[in-house]
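First comes the structure, then the notes that go with it.
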Amino acid sequence: MTKIAPSILAADFARLKEEIEEVDKGGAEYIHIDVMDGHFVPNITIGPLIVEAVRPHTEKVLDVHLMIENPDQYIETFAKAGADIISVHVEACPHLHRTIELIKQSGKKAGVVLNPATPVQSILPILKEVDLVLFMTVNPGFGGQAFIPEVMDKVKELRSIIDEKAYHAEIEIDGGVNEKTARLCVEAGADVLVAGSAIYSQKDRARAIEAIRG
Ligand code: DX5
Ligand code: ZN
């Protein structure tokens with residue numbers, strides 16, 4: 001079954017506890033948390049304090065997507081704040097293998113993220129080590145952008161490599177996922193779908209989650 005990861009970037013931050021409880025009860029497997037630093041991406045969002053504040057209100061997997069420069073410096077802080085998966089961008093990590101090791105040493109699951117223009121080849125040397133590969137289907141920085149369908153070719157490419165080598169990494173898709181584009185992601189081989197606006201724009205979150213799951 002496809003896992004669904006609502007992105008709280010599209011939630012009402014003044015009532016974040018309720019917004020998280022609704023998607024938790026609504027059947028979400030992961031809660032996706034978008035951390036942006038205003039340098040790696042042109043927006044500033046959530047820091048470790050919010051991860052810590054959210055942690056007592058859900059037992060679901062906290063899927064922390066770091067869109068920041070120098071992620072090594074903050075891994076321990078996000079781990080202590082209660083993240084379950086910590087994902088870093090290939091484009092922000094000149095020493096990617098070391099960064100992945102740091103995440104694993106912190107006792108958390110390690111993910112790598114590829115921007116739409118970054119090739120699958122860039123992660124092949126560390127693929128065996130990672131628990132999650134996240135494909136961006138928008139240019140990171142904002143919610144509510146249009147899905148870039150060309151990324152599906154990369155998803156298919158990685159799906160066959162993971163299957164052939166029997167690696168354990170999950171494939172996650174993030175950006176512009178809705179009821180329609182979700183079908184393309186699943187066909188291409190995705191395991192986890194992130195959705196922000198498609199879930200939080202709907203009053204009935206449980207229904208929105210199931211519609212995306214298909
Ligand atoms: C974009 C973020 C996404 C975003 C998705 O930089 O990484 O997680 O919240 O939002 P939607 O689903 O609205 O495209
Ligand atoms: Zn994200």
Side-chain angles (χ1 to χ4, degrees), residues 2-13 16 19-20 22-23 26 28-48 50-51 54 60-69 71 74 78 83-93 103 109-118 130-152 155 170-186 190-202 205 207-214:
T2 310
K3 294 178 182 171
I4 306 295
S7 164
I8 61 166
L9 190 60
D12 176 356
F13 278 59
L16 196 50
E19 294 280 67
I20 284 168
E22 280 182 23
V23 293
E29 281 79 11
Y30 296 176
I31 307 288
H32 187 82
I33 304 182
D34 287 308
V35 177
M36 307 187 191
D37 67 350
H39 292 276
F40 180 68
V41 288
N43 195 7
I44 301 177
T45 56
I46 294 164
I50 305 290
V51 176
V54 158
K60 298 291 168 81
V61 170
L62 293 186
D63 173 29
V64 175
H65 176 192
L66 298 182
M67 286 161 273
I68 63 174
E69 287 179 1
Y74 299 99
F78 279 101
D84 295 300
I85 306 173
I86 300 177
S87 298
V88 293
H89 270 260
V90 176
E91 305 85 8
C93 297
I103 299 172
K109 288 193 168 174
V112 277
V113 193
L114 287 82
N115 277 337
T118 304
V130 298
D131 301 296
L132 182 89
V133 177
L134 171 50
F135 286 99
M136 292 308 302
T137 37
V138 298
N139 289 295
F142 303 93
Q145 303 182 80
F147 185 85
I148 303 171
E150 287 76 13
V151 176
M152 293 304 103
V155 177
E170 287 187 318
I171 298 180
E172 185 175 42
I173 313 284
D174 184 10
V177 173
N178 57 36
E179 224 174 292
K180 280 193 190 132
T181 57
R183 303 285 73 77
L184 302 175
C185 300
V186 172
D191 303 298
V192 189
L193 303 179
V194 176
S197 41
I199 291 173
Y200 280 105
S201 68
Q202 301 299 307
R205 272 70 193 265
R207 206 164 139 189
I209 288 168
E210 291 319 312
I212 292 166
R213 204 192 306 275

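Computation of the quantities below employed the complete heavy-atom set of this structure, encompassing side-chain atoms and omitting hydrogens, waters and symmetry-equivalent molecules. In this text the structure is predicted, and so the values were computed from the model without any measurement. Start at 1 and go down the list; that is how both ligands and their atoms are numbered.
Which parts of ligand 1 touch Leu9 is read off a 4.0 Å heavy-atom cut-off, strictly below it: atoms 9 (O). The ligand atoms of ligand 1 that sit less than 4.0 angstrom from a heavy atom of Gly175 are 14 (O). Annotation for ligand 1: atoms under 4.0 Å from non-hydrogen atoms of Met67 are 6 (O), 7 (O). Taking a cut-off of under 4.0 Å to the non-hydrogen atoms of His32, the atoms of ligand 1 that pass are 8 (O). Taking every heavy atom of Pro140 and a limit of under 4.0 angstrom, the matching atoms of ligand 1 come to 6 (O). Those atoms of ligand 1 that come under 4.0 Å of a heavy atom in Met36, given as number and element, are 6 (O). For ligand 1, the atoms sitting less than 4.0 Å from at least one non-hydrogen atom of Met136 are 7 (O), numbered in the order shown with element in parentheses. Residue His65 approaches ligand 1 through these ligand atoms, each under 4.0 Å from one of its heavy atoms: 7 (O).
Taking the six-membered ring where tryptophan is involved, the planes of His89 and His65 are essentially parallel, since the angle between them stays under 30° and well short of 60°.
Considering just the N/O/S atoms of Asp34, the one nearest the Zn ion (ligand 2) carries the name OD1. Closest to the Zn ion (ligand 2) among the N, O or S atoms of His32 is NE2. For Asp174, the N/O/S atom at the shortest distance from the Zn ion (ligand 2) is named OD2. Closest approach between the Zn ion (ligand 2) and any N/O/S atom of His65 involves ND1.
Here's the thing with Gly144: one of its N/O atoms is less than 3.5 angstrom from an N/O atom of ligand 1. Between Gly196 and ligand 1, at least one N/O pair is under 3.5 Å apart. For the pair Gly176 and ligand 1, the shortest N or O to N or O distance falls below 3.5 Å.
Here the heavy atom of the protein found nearest to atom 13 (O) of ligand 1 is Ser197 OG, 2.5 Å. In terms of protein heavy atoms, atom 10 (O) of ligand 1 is closest to Gly143 CA, 3.6 Å. Nearest non-hydrogen protein atom to atom 4 (C) of ligand 1 is Asp34 OD2, 3.7 Å. In terms of protein heavy atoms, atom 5 (C) of ligand 1 is closest to Asp174 OD1, 3.5 Å.
Distance check: Arg205 CZ to Glu19 CD gives 4.5 Å after rounding to the nearest 0.5 Å. Once rounded to the nearest 0.5 Å, the distance linking NZ of Lys60 with CD1 of Ile4 reads 11.5 Å.
Residue Glu210 qualifies as enclosed at atom CD: its count of foreign heavy atoms under 6.0 Å is above 12. Within 6.0 Å of atom CZ in Arg207, 12 or fewer heavy atoms from other residues, nucleotides or ligands are found, so the atom counts as exposed in its surroundings. Within a 6.0 Å radius of OH in Tyr74, other residues, nucleotides and ligands contribute 12 heavy atoms or fewer. Counted within 6.0 Å of NZ on Lys109, heavy atoms from surrounding residues, nucleotides or ligands total 12 or fewer; the atom is thus considered open.
When every heavy atom of Ala10 is checked against every heavy atom of Tyr200, the shortest pair comes out as O-CB, 3.3 Å.
Annotation: side chain of Val23 is not in contact with side chain of Ile8 (no heavy-atom distance under 4.5 Å). Under the 4.5 Å side-chain criterion, counting only non-hydrogen atoms from C-beta, Ile209 is in contact with Ile199. Between Met136 and Val151 the shortest side-chain heavy-atom distance does not fall below 4.5 Å. Residues Met152 and Thr137 are in side-chain contact: their nearest non-hydrogen atoms beyond the backbone lie under 4.5 Å apart.
Checking side-chain atoms of Asp131 against main-chain N and O of Ala110 turns up a donor-acceptor pair under 3.5 Å.
When the options Ser7, Ala195, Gly141, Ala146 are ranked by their closest heavy atom to atom 6 (O) of ligand 1, first place goes to Gly141.
Contact annotation: Phe142 has at least one heavy atom less than 4.0 Å from an atom of ligand 1.
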